[in-house]
Amino acid sequence: MAQPGVLTPQNEDFPRWYQDVVAKAEMADNGPVRGTMVIRPYGYAIWEHIQSEIDRRIKAAGAENAYFPLFIPESYLSREAEHVEGFSPELAVVTHAGGEQLSEPIVVRPTSETVIGEFMAKWVQSHRDLPLLLNQWANVVRWELRPRMFLRTSEFLWQEGHTAHATFEDAAAYARKIHHDVYNDFIQNVLGVQVYLGIKSKSERFAGATNTMTCEGIMRDGKALQMATSHELGQNFAKAFDIKFQDESGTSAYCYTTSWGASTRLIGGLIMSHGDDNGLVVPPRLAPIQAVVLAVRDEESVNNAAEEISRQLLAAGIRVRTDHGRGSFGRRVTDWEIKGVPIRVEVGPRDLAEGLVTLARRDTGEKVQVRLEEAPARIATMLEEIQESILAGSRSALASRTVDVSSIPEAAEAANEGFARLAWDLVKGEGEATLRTQAITVRCLQRGDGSMPDNEDEAGLVAIVAKSY
RNA sequence: CGGGAAGUAGCGCAGCUUGGUUAGCGCGCCUGGUUUGGGACCAGGAGGCCGCGGGUUCGAAUCCCGCCUUCCCGACCA
């Protein structure tokens with residue numbers, strides 16, 4: 001276990017614990033400009049795994065990657081009324097370039113619906129051009145008033161998908177496909193986090209959307225985090241950017257568009273979903289380092305054995321790191337624990353003499369001795385067990401942090417610990433406003449059976465409310 | 001952007017109230033040695049425009065003004 005003083009305990013000061021983990025796991029540093037961050041190699045390695053897992057799923061859903069410019073003419077933003085209203089307070093605007101004042105200010109993209117809409121209009125003419133399924137990996141800038149590492153930085157990295165469809169139904173179906181097959185699948189099966197899927201209430205919707213779907217997770221301090229969103233944009237952007245096509249009969253019609261995104265915020269979600277007082281806990285499928293082979297003593301025979309085990313693990317397809325650096329055993333153990341490496345393989349002379357190594361699980365702290373020759377297979381199995389166990393833990397955390405209530409005051413009480421679930425009819429309108437005064441918002445709306453509603457107006461919906469990041 | 005707290009070595013802090021020689025401490029870092037099965041020890045050493053700019057003063061880490069940044073609570077948001 002980490003010694004006192006390494007990290008602030010979660011129950012003593014959760015925000016400080018979070019800052020400690022970000023710093024001591026070498027995830028990120030603050031940048032020099034307000035709200036910016038430097039993502040360090042270990043944090044970036046995690047992001048690269050997030051990217052490749054999400055990217056694979058996006059491509060499987062049929063979308064292709066492209067890249068659009070960072071700079072957007074300011075006039076583009078104002079073409080969609082709600083969109084500009086929602087984003088203008090947080091825009092970074094370039095007014096000077098090349099030593100001169102620009103005739104039209106340039107906006108640094110806060111999101112790319114507008115530029116991409118402009119080009120979709122050029123590229124779409126016939127129903128045969130549809131659906132048009134695009135995605136880009138990019139940085140965006142939003143001048144948020146209260147930055148927090150990974151959760152809300154002035155500049156962040158994300159993926160934004162943008163699609164155009166011939167019909168409302170096709171657009172709605174695709175947005176749902178992305179939400180389930182890309183976001184929920186990744187968050188659950190790679191990130192090991194159980195979330196609620198639902199739609200946003202009108203007041204929480206994306207600026208310019210007709211419907212917003214969300215993945216809402218619960219953090220270890222009982223606050224909710226929106227971990228990915230998918231939007232149905234109706235014909236709002238199609239009309240603003242003139243994205244039209246001719247159908248089989250030669251009739252011209254506006255497209256229905258969607259957009260959907262997931263960002264470096266997922267790393268914040270990872271930290272706060274699984275992390276404990278010893279630091280980060282990274283699920284094996286996401287971990288840049290799945291197993292660290294630790295030479296207990298800096299002796300040649302031990303180091304050689306550690307190298308040999310590493311080679312075998314690498315050959316077995318496990319992402320492995322060997323640590324036979326100088327420094328005390330305890331220190332090195334603690335460092336790898338803070339970084340959340342799933343399995344530690346301890347190689348020491350006493351074990352070696354008996355043909356054994358010790359495997360230590362990061363998630364449970366449990367240690368087992370195994371025969372050297374069995375190690376690769378045991379580790380492979382154990383990685384799967386850890387992945388499942390982390391998800392199971394997230395599942396039970398979500399369940400135990402969710403309370404069914406039947407009034408606004410009860411919901412307000414329950415929201416101090418996590419999610420409160422109650423009939424949407426009790427919340428709609430005045431209740432939502434009352435909760436908001438206590439920093440509690442409607443995180444999502446679901447059907448009674450937990451499934452995704454078509455829209456806010458369906459009868460019998462339940463609201464899931466909480467305090468959130 | 002409102003309320004609160006804070007910026008002194010890589011990190012955590014003391015010093016400031018009551019201005020006064022070479023600004024301290026712990027951890028970390030470097031060198032050498034002894035160590036290494038849960039944050040090791042000894043010895044030696046390096047590292048500071050005391051956040052930035054202005055002011056008061058013979059003299060400012062210390063007092064005054066402005067700005068920047070960070071953290072917490074809130075409003076805004078991925």
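Each chain gets a letter, A, B and so on, in the order the sequences are listed, and its residues count up from 1.
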Per [X] side chain, nearest of listed nucleotides [options]:
| X | options | result |
| --- | --- | --- |
| A:Leu145 | B:rG38, B:rC77, B:rC1 | B:rC1 |
| A:Asn30 | B:rU70, B:rG37, B:rC73 | B:rU70 |
| A:Val296 | B:rC71, B:rG37, B:rC73 | B:rG37 |
| A:Arg142 | B:rC73, B:rC13, B:rC77 | B:rC77 |
| A:Lys223 | B:rC71, B:rG37, B:rG74 | B:rG74 |
| A:Arg34 | B:rU70, B:rC73, B:rC77 | B:rU70 |
| A:Val333 | B:rG38, B:rC77, B:rG12 | B:rG38 |
| A:Ser328 | B:rA40, B:rC76, B:rC73 | B:rA40 |
| A:Arg152 | B:rG38, B:rU36, B:rC76 | B:rC76 |
| A:Glu346 | B:rG37, B:rC13, B:rU69 | B:rG37 |

Integer angstrom distance from the [atom1] of [N] to that of [M]:
| N | M | atom1 | result |
| --- | --- | --- | --- |
| B:rC65 | B:rU21 | C1' | 30 Å |
| B:rG47 | B:rG55 | P | 31 Å |
| B:rG3 | B:rG66 | P | 14 Å |
| B:rG53 | B:rC49 | P | 12 Å |
| B:rC27 | B:rC72 | P | 29 Å |
| B:rA14 | B:rG51 | P | 14 Å |
| B:rU36 | B:rA46 | P | 30 Å |
| B:rA5 | B:rG28 | P | 33 Å |

Report the distance from atom [atom1] of [X] to atom [atom2] of [N], rounded to the nearest whole Å.
| X | N | atom1 | atom2 | answer |
| --- | --- | --- | --- | --- |
| A:Phe150 | B:rC71 | CZ | P | 13 Å |
| A:His324 | B:rU36 | NE2 | P | 18 Å |
| A:Ile338 | B:rC11 | CD1 | C1' | 13 Å |
| A:Asn416 | B:rC73 | CG | P | 13 Å |
| A:Arg297 | B:rG38 | CZ | C1' | 14 Å |
| A:Leu356 | B:rG37 | CG | C1' | 13 Å |
| A:Met149 | B:rU70 | CE | P | 9 Å |
| A:Asp20 | B:rC71 | CG | P | 12 Å |

For a quick check of understanding: with a heavy-atom distance under 4.0 Å over all strands, which category does [X] fall into, base, sugar-phosphate or nothing?
| X | result |
| --- | --- |
| A:Gly348 | base |
| A:Lys467 | nothing |
| A:Arg436 | sugar-phosphate |
| A:Thr358 | base |
| A:Thr36 | nothing |
| A:Gly86 | nothing |
| A:Leu151 | base |
| A:Asp13 | nothing |
| A:Glu144 | base |
| A:Gly35 | sugar-phosphate |
| A:Pro15 | sugar-phosphate |

Only one of A:Arg57, A:Arg56, A:Arg285 passes salt bridge (charged side-chain N to carboxylate O under 4.0 Å, His left out) with A:Asp185, and that residue is A:Arg57
| said: Determine whether a donor-acceptor pair (N or O, by modelled atom type, separation under 3.5 Å) exists between the side chain of A:Tyr174 and the backbone of A:Ala61. | reply: yes
Intra- and inter-strand pairing of RNA chain B, written as dot-bracket with Watson-Crick and G-U pairs under 3.5 Å and | for the latter, reads ((((((((.[[[[.)....(...]]]].((((((.....)))))).....[[[[[..)....]]]]])))))))....
The single option from A:Asn139, A:Thr114, A:Val115 that satisfies side chain to side chain contact (heavy atoms under 4.5 Å, CB included) with A:Arg109 is A:Asn139
Looking only at side chains, do [X] and [Y] share a donor and an acceptor under 3.5 Å apart?
| X | Y | result |
| --- | --- | --- |
| A:Ser301 | A:Glu299 | no |
| A:Arg34 | A:Thr36 | no |
| A:Glu456 | A:Ser201 | no |
| A:Gln438 | A:Lys467 | no |
| A:Thr402 | A:Tyr196 | yes |

Of A:Asp335 and A:Phe206, the one whose nearest nucleotide on RNA chain B sits closer to the 5' end is A:Asp335
Judged by nearest nucleotide, the residue sitting upstream toward the 5' end of RNA chain B, A:Phe87 or A:Pro32, is A:Pro32
Going by the angle between their ring planes, with limits at 30° and 60°, are A:Trp158 and A:Phe156 parallel, tilted or perpendicular?
perpendicular
**Item:** Base of B:rG37 paired with side chain of A:Lys367 (donor-acceptor, under 3.5 Å)
**Value:** no
Just wondering, do A:Ile464 and A:Trp424 contact through their side chains at under 4.5 Å, heavy atoms? no
_At less than 4.0 Å, is any side-chain N or O atom of A:Arg146 found next to OP1 or OP2 of B:rG4? Yes or no._
no
Notebook entry, point to check: Can you find a side chain N or O atom of A:Arg344 that sits less than 4.0 Å from OP1 or OP2 on B:rG38?
Noted result: no
Between A:Glu80 and A:Gly208, the two heavy atoms sitting closest are OE1-CA, 3.7 Å
